[in-house]
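Reviewing the structure listed below.
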Amino acid sequence: MTDTTATVTTAASADDPPRMLLLDADCLADLRSRLDGDLAPQWRRLAEQCDLYRRTAPPAEHPLASITYLGPAAANLALAYRLTGQRHYLDEAWRWISAAVSFEHWGRAHLPDHDLDAGWLLHGLSLAYSWLGDDLEPDRREELRAKLELQGGRLFDFAVAGEGSWWSSSFWQNHHWICHTGLATVGYALGVPAWTERAKAAMSTVVDVLPADGSDMEGVVYWRYGVPWLATYLDLLQDAEGVDWWDRCRFLAHTFSYRLHQAAPGYEEIVDHGDCHDRRSGHSVALYRILAARYGLGEAQWLADTVAERFFWREAYESGVKPGVLPEAWAELLWYDASVAPVDPAESVAPQAAFRDLGLLVHRTSWDDDATLVSFKSSPGGGHTAWDTSRRIDAERGWDTLSAGHHHPDAGSFVLASRGAWLLVDEGYSNTKRAGHHNLVLVDGHGFAGEGRYHVYADAPPDRTADMVDVLAEGGFLHGRARTGRMYPAELGVESLERTLVVLPSGRTVVVDRGRAAEAREWTVLLHADHPAETVPGAGDAAVDGADDGAVRRVLRNGRAGAWLTTHTPGAAVRAEQVVTDVEANPTSSTPSLVVTRRLHTLRVTPSASRDLLAVTTIEPFDAFRPTPSAARLLPGDRCEHDFGPDSARNGATTMLTAGVGVDLGGGERAYLAGPDGVVEADGVRARARAVLVAGDRVAVVGARRVELDGRVLLDGEDEVTGVLGADA
């Protein structure tokens, strides 16, 4: 790879340098006039952040750890100087800039000059170069310009040489967004069209191929880390070239909805599907501000206010993601639009949602802090858009573009929180990713094909896919069927494996697992928690679970939250084991010493080996301070034949494959799930439907043509209906 930096001619060395990025005289005058008005909180944040820099020191030598924080340090101090004209901000800015300039390379542990450190520093120092302008002494300005020219050339050369591989063409990956935004910023600051056009071409593809529903296969933590850079780039592009891509980028237009629905009840913590360092690294006030401003999202403005007032400092000091939220002060100020009124999501957003691209379904009983939440997902690696589009691009150009290393082997998994605590959980971050770290089904102890490495989906054949069908997410009801059989190694002979998950308005949940293999296999249902599940008094222990009715009964407690877990499986022999699953990972190659760990307490439920699996798990959340007894029971019926006793083995595969499932959850809530024949006949229900869900006098259906309940016909037609039936049905 050649180093082109020596031959780059930049406008910054000419008599007429490029104008100040993101700011002009009118904008500056407006901002200054509001620093003691509606921008007072944002100015206070910026001033406090700058004072933090004054009280600390940049490294004298390049550390082994990441130096990304040096970039926004320069930007924050430069903006404070430009807004106030106070000389100490200028001097402090140079102290931090000079440290970055003094390092021969940006980044030590991983891809020096060619990855995240370079992207972050090019962005922040280029903004500082632009904002400080001629107020920097000529020799200092020239020193900074030369370093930006050198590093920009290095990053540009790497991007060109690496086209078709790693971040250069990984359109769905945060490294791509960060490095190209850094390259664009230095290109605009120094007036190098080759760099800005390279970034523009790359990001033009990004805005068109990201999923339009706003879901992010990398998970909330990397959403919080990476997506602000998409907004940063679009902001720069509009400012520098007058090109407006905000409406074109449907991902950004809808991604706040994804983030909102992946907030745990109370908003402070997150649902941690995908690589997540912890459950607290999820907020970016700056990103919420610009999404509110560009798309008129009052809910984003409300969440920004809520985080700034209630959660910000805990996020800042407990988050495992660096450099974290503190350095975003400059963006919080520039991106705040006071004209967007905050709107409480509880007043405007339905508590159920479906994101089809990622196969992600979310149910919460309300937007209250003590609500029950279930999040359920199933999709191909990277989501449907990335899976299909990457293969098309790769076939056309001979590239490798997917890079879905942060997407876990978790198709069919779910998590559950209630009353401010987690009950069923994911493992968070992992380098050696396994389906066994999730609430899934193992086959003879094995998880998904290709697992046991960081990039589970690398080199996967096109048909190794999962999906989510029969989706209902409205009116307090949730239903989805995850089809995951293709994810398992071919040698296991898994012909089908499906998980249907149903949540009723109370948060009571039913999970039905059905599988078939070419020969008898041990199917193990996994349920992971932060604390061990306890044996229910009088319900047997691990040695005798299922001896009477094929059921394993446990209870989970965590603070105020509790849940009864009951898993019914066919056959007298069922093995229930409580084991510990430890997961340890290094979440960033730029900081080799950083290690995150999580201990899972895993309940493993394994019926006797069979070609077929039918397991019905009921989850009944309750208040652990005021516990209520378990009420769930399986319903008998003509086609809901739950013969889980000692003689069930004689029924063989026929019963398991054709039987429907009926569950009375108590409180007037019932769920009827058809077998593969699509017929429900049980307990006063006669239906041609894949599911009939009842909560008091409300009825929801999935794939229904005819529904008769207690002798009353609620639906009769030729077209399939999925939804909540009206009162006049």
Side-chain angles (χ1 to χ4, degrees), residues 361 468-483 496 498-506 508-516 566 568-570 612-619 631-644 648 651 653-727 729:
L361 310 182
M468 182 74 73
V469 296
D470 296 342
V471 171
L472 166 69
E474 64 177 90
F477 297 92
L478 190 80
H479 178 286
R481 180 161 56 96
R483 301 186 295 192
S496 67
E498 299 182 347
R499 165 169 285 174
T500 300
L501 183 143
V502 173
V503 191
L504 280 298
S506 68
R508 298 181 182 97
T509 300
V510 178
V511 182
V512 178
D513 292 307
R514 294 180 183 272
R516 162 156 274 198
T566 306
H568 295 267
T569 61
D612 302 291
L613 167 70
L614 175 58
V616 181
T617 300
T618 59
I619 306 167
R633 62 184 181 88
L634 298 178
L635 295 170
D638 297 337
R639 304 180 70 88
C640 293
E641 301 181 24
H642 305 303
D643 187 357
F644 293 118
S648 65
N651 292 315
T654 302
T655 296
M656 287 186 279
L657 290 178
T658 63
V661 172
V663 183
D664 186 338
L665 291 157
E669 294 185 334
R670 291 169 287 161
Y672 304 91
L673 308 179
D677 60 3
V679 175
V680 174
E681 293 182 6
D683 193 41
V685 177
R686 299 290 183 269
R688 285 184 293 146
R690 286 187 282 283
V692 178
L693 312 177
V694 179
D697 59 357
R698 302 177 64 236
V699 179
V701 296
V702 176
R705 289 188 171 91
R706 177 180 172 84
V707 177
E708 181 181 339
L709 179 62
D710 296 329
R712 182 185 178 200
V713 176
L714 304 182
L715 179 72
D716 194 4
E718 291 303 315
D719 296 329
E720 286 192 352
V721 173
T722 295
V724 180
L725 299 182

Audit row: Val512, Val510, side-chain contact (heavy atoms from CB on, under 4.5 Å) steps and yes/no: CA-CA 7 Å; Val512 178; Val510 178; 4.0 Å; yes
Residues Leu635, Val663; criterion side-chain contact (heavy atoms from CB on, under 4.5 Å); working and verdict: CA-CA 5 Å; Leu635 295 170; Val663 183; 5.8 Å; no
Evaluation steps, side-chain contact (heavy atoms from CB on, under 4.5 Å), between Leu715 and Val721: CA-CA 9 Å; Leu715 179 72; Val721 173; 3.9 Å; yes
Salt bridge (Lys or Arg N to Asp or Glu O under 4.0 Å) assessment of Arg670 paired with Asp664: CA-CA 5 Å; Arg670 291 169 287 161; Asp664 186 338; 5.6 Å; no
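Under a 3.5 Å cut-off, the side chain of Arg706 and the backbone N or O of Ala687 do not form any donor-acceptor pair. Panel note: side chain His479, backbone Ala473; no donor-acceptor pair is recorded below 3.5 Å. Between the Thr722 side chain and the Gly703 main chain, a donor and an acceptor come within less than 3.5 Å of each other.
Between Glu498 and Arg481 there is a salt bridge, with a side-chain nitrogen of the basic residue lying less than 4.0 Å from a carboxylate oxygen of the acidic one.
Contact record, Gly723 with Leu472: CA-CD1, 3.6 Å, taken as the closest heavy-atom pair. Nearest approach of Gly675 to Arg514, heavy atoms of both residues: CA-NH2, 3.9 Å. Residues Gly480 and Leu361 share a closest heavy-atom pair of CA-CD1, 3.6 Å. For the residue pair Gly666 and Ala631, the shortest heavy atom distance occurs at CA-CB, 4.1 Å. In terms of heavy atoms, Val694 sits closest to Gly696 at CG1-O, 3.6 Å. In terms of heavy-atom proximity, Glu708 sits nearest to Gly711 at OE2-CA, 3.5 Å.
Residue Tyr672 is tested with Leu693, Val661, Asp683 for a side chain to side chain contact (heavy atoms under 4.5 Å, CB included); the sole match is Asp683.
Within the model, atoms CZ of Arg516 and CG of Leu613 stand 12.0 Å from one another, a figure rounded to the nearest 0.5 Å. Note that CG of Leu504 and OG1 of Thr509 are 8.0 Å apart. Values are rounded to the nearest 0.5 Å. The distance from the CG atom of Leu634 to the OG1 atom of Thr618 is 7.5 Å, given to the nearest 0.5 Å. In this structure, CG on Asp470 lies 10.5 Å from CG on Leu673, to the nearest 0.5 angstrom. The CG atom of Leu501 lies 8.0 Å from the CE atom of Met468; values are rounded to the nearest 0.5 Å.
Applying the salt bridge (charged side-chain N to carboxylate O under 4.0 Å, His left out) test to pairs two or more places apart or on separate chains, those with a residue in residues 696-705 are Arg705-Glu720.
In this structure, Val692 and Val699 have side chains that are in contact, with non-hydrogen atoms separated by less than 4.5 Å. Counting only heavy atoms from C-beta outward, the side chains of Asp716 and Arg688 approach each other to under 4.5 Å.
Residues that satisfy the side-chain hydrogen bond (donor to acceptor under 3.5 Å, both in side chains) test with Thr617, not counting sequence neighbours, are Thr567.
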